[in-house]
Amino acid sequence: MENSITIREYGPADKVAVMNLIRLNTPEYFALEEETDLNEYLENKRELYYVLIFDGDIVGCGGINFVKNGKVAKISWDILHPEYQRRSFGSQLLRYRIDKLKTIEGVREIMVRTSQLAYGFYEKHGFVLSEIKKDYWAKGFDMYCMKYKMKDLLEKGR
């Protein structure tokens, strides 16, 4: 089917495509050294991770990790092919995960740690800035810690 979007769980066979996505976004959105961090995440730290497929190709990915006994969900490693940015693909992938989190018992907070380069995207989707750490990811890549408006989480499905 032409122009079809599918979001499904990541599998090991997707790793080459996901690693290619970070390379396509380096150095614009990711520091060079973050490629090693993503590899470590995919191999050892991934909990829930998804790929977004458009017309048969993986063009985006993003995950969810849990802390504080499952009460806090962290949106993690969102990456979108540069040709598919600003076309609602990232919004669909984020909404998919937020909707998924609304069905998981015990989740009380959703957060994301991103950079100054992408925080506007999350702000547009209901996340509020709570902290900034300069040069956190790498020199020139600050960490912007953001939290999803709890009111939205509690009103929609709780």
Side-chain angles (χ1 to χ4, degrees), residues 5-23 25-26 29-31 33-53 58-81 84-85 88-138 141-158:
I5 294 175
T6 304
I7 297 172
R8 65 162 171 77
E9 285 194 42
Y10 167 92
D14 301 324
K15 186 174 180 185
V16 170
V18 168
M19 295 305 293
N20 188 52
L21 289 175
I22 195 169
R23 288 181 197 115
N25 282 281
T26 303
Y29 291 103
F30 293 95
E33 52 267 41
E34 288 182 278
E35 184 176 329
T36 302
D37 296 339
L38 176 60
N39 185 64
E40 171 68 17
Y41 174 85
L42 292 173
E43 292 295 322
N44 300 309
K45 297 179 181 172
R46 171 177 48 88
E47 292 182 57
L48 298 176
Y49 205 68
Y50 302 94
V51 291
L52 185 144
I53 300 164
I58 293 175
V59 300
C61 52
I64 302 169
N65 286 77
F66 299 93
V67 294
K68 298 186 180 178
N69 295 323
K71 291 180 181 167
V72 177
K74 294 177 5 180
I75 298 295
S76 55
W77 286 107
D78 286 348
I79 311 171
L80 204 60
H81 190 292
Y84 296 89
Q85 293 171 6
S88 86
F89 291 93
S91 296
Q92 290 179 59
L93 184 57
L94 180 60
R95 176 57 48 205
Y96 178 89
R97 288 174 291 156
I98 289 172
D99 289 345
K100 175 111 179 132
L101 287 168
K102 290 176 185 174
T103 69
I104 297 175
E105 186 72 30
V107 173
R108 296 290 175 251
E109 181 179 306
I110 301 172
M111 64 171 291
V112 65
R113 296 183 319 159
T114 189
S115 74
Q116 72 274 24
L117 305 168
Y119 88 97
F121 167 79
Y122 295 101
E123 192 172 56
K124 181 175 82 172
H125 290 284
F127 286 81
V128 177
L129 183 63
S130 61
E131 180 182 15
I132 298 173
K133 290 186 179 178
K134 191 116 178 91
D135 297 327
Y136 181 86
W137 307 110
F141 290 86
D142 303 340
M143 183 194 57
Y144 279 51
C145 188
M146 305 179 79
K147 295 180 181 178
Y148 190 67
K149 293 178 188 169
M150 277 306 291
K151 179 175 81 89
D152 294 347
L153 183 62
L154 295 172
E155 285 177 0
K156 297 176 186 173
R158 297 257 174 228

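Hydrogens, waters and symmetry mates play no part in the numbers below; they use all other heavy atoms, side chains included.
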Side chains of [X] and [Y] in contact at under 4.5 Å (non-hydrogen atoms):
X      : Y      : answer
Val112 : His125 : no
Lys124 : Leu94  : no
Phe30  : Leu117 : no
Val51  : Ile7   : no
Trp77  : Val18  : no
Ile79  : Tyr29  : no
His81  : Phe89  : no

Calculate, to the nearest 0.5 Å, the distance between atoms [atom1] and [atom2] belonging to [X] and [Y] respectively.
X      : Y      : atom1 : atom2 : value
Phe66  : Leu101 : CZ    : CG    : 5.5 Å
Cys61  : Arg46  : SG    : CZ    : 11.5 Å
Ile64  : Ile110 : CD1   : CD1   : 8.0 Å
Asn20  : Asp14  : CG    : CG    : 12.5 Å
Tyr148 : Ile75  : OH    : CD1   : 9.5 Å
Lys74  : Lys68  : NZ    : NZ    : 10.0 Å

| message | By the definition side chain to side chain contact (heavy atoms under 4.5 Å, CB included), identify the one residue from Glu43, Arg23, Met19 that meets it with Leu38. | response |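 Filter result, single survivor: Met19.
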
| Member of Ile58, Leu80, Val59 meeting the side chain to side chain contact (heavy atoms under 4.5 Å, CB included) criterion with Leu21 | Ile58

| query | salt bridge (charged side-chain N to carboxylate O under 4.0 Å, His left out) with Glu47: which residues, sequence neighbours excluded? | reply |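 In terms of salt bridge (charged side-chain N to carboxylate O under 4.0 Å, His left out), with neighbours along the sequence ignored, Glu47 is linked to no residue.
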
Distance-minimising heavy-atom pair for [X] and [Y]:
X      : Y      : result
Leu93  : Gly62  : CD2-N, 3.7 Å
Met146 : Ser130 : N-OG, 4.2 Å
Tyr119 : Gln116 : CD2-O, 3.4 Å
Cys145 : Arg113 : SG-CG, 4.2 Å

| request: Decide yes or no on side-chain contact (heavy atoms from CB on, under 4.5 Å) for Arg8 and Ile53, but give the supporting numbers first. | output: CA-CA 8 Å; Arg8 65 162 171 77; Ile53 300 164; 3.3 Å; yes

| query | Is the backbone of Asp142 close enough, under 3.5 Å, to the side chain of Asp135 for a donor and an acceptor to pair up by distance? | reply |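 Absent.
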
| task | Using a cut-off of 6.0 Å, state whether more than 12 heavy atoms not belonging to Lys45 lie near its atom NZ. | result |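 Incorrect, the count does not exceed 12.
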
| message | For the CG atom on Asn69, are there more than 12 heavy atoms of other groups (residues, nucleotides or ligands in this structure) within a distance under 6.0 Å? | response |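 Not more than 12 within 6.0 Å, no.
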
| query | Under 30°, 30 to 60°, or over 60°: which ring-plane class applies to Tyr41 and Tyr49, parallel, tilted or perpendicular? | reply | perpendicular

| message | Under the rule for side-chain contact (heavy atoms from CB on, under 4.5 Å), what residues qualify as partners of Glu9, not counting sequence neighbours? | response | Tyr50

| field | Derivation of the side-chain contact (heavy atoms from CB on, under 4.5 Å) call for Glu40 and Thr36 | value | CA-CA 6 Å; Glu40 171 68 17; Thr36 302; 5.8 Å; no

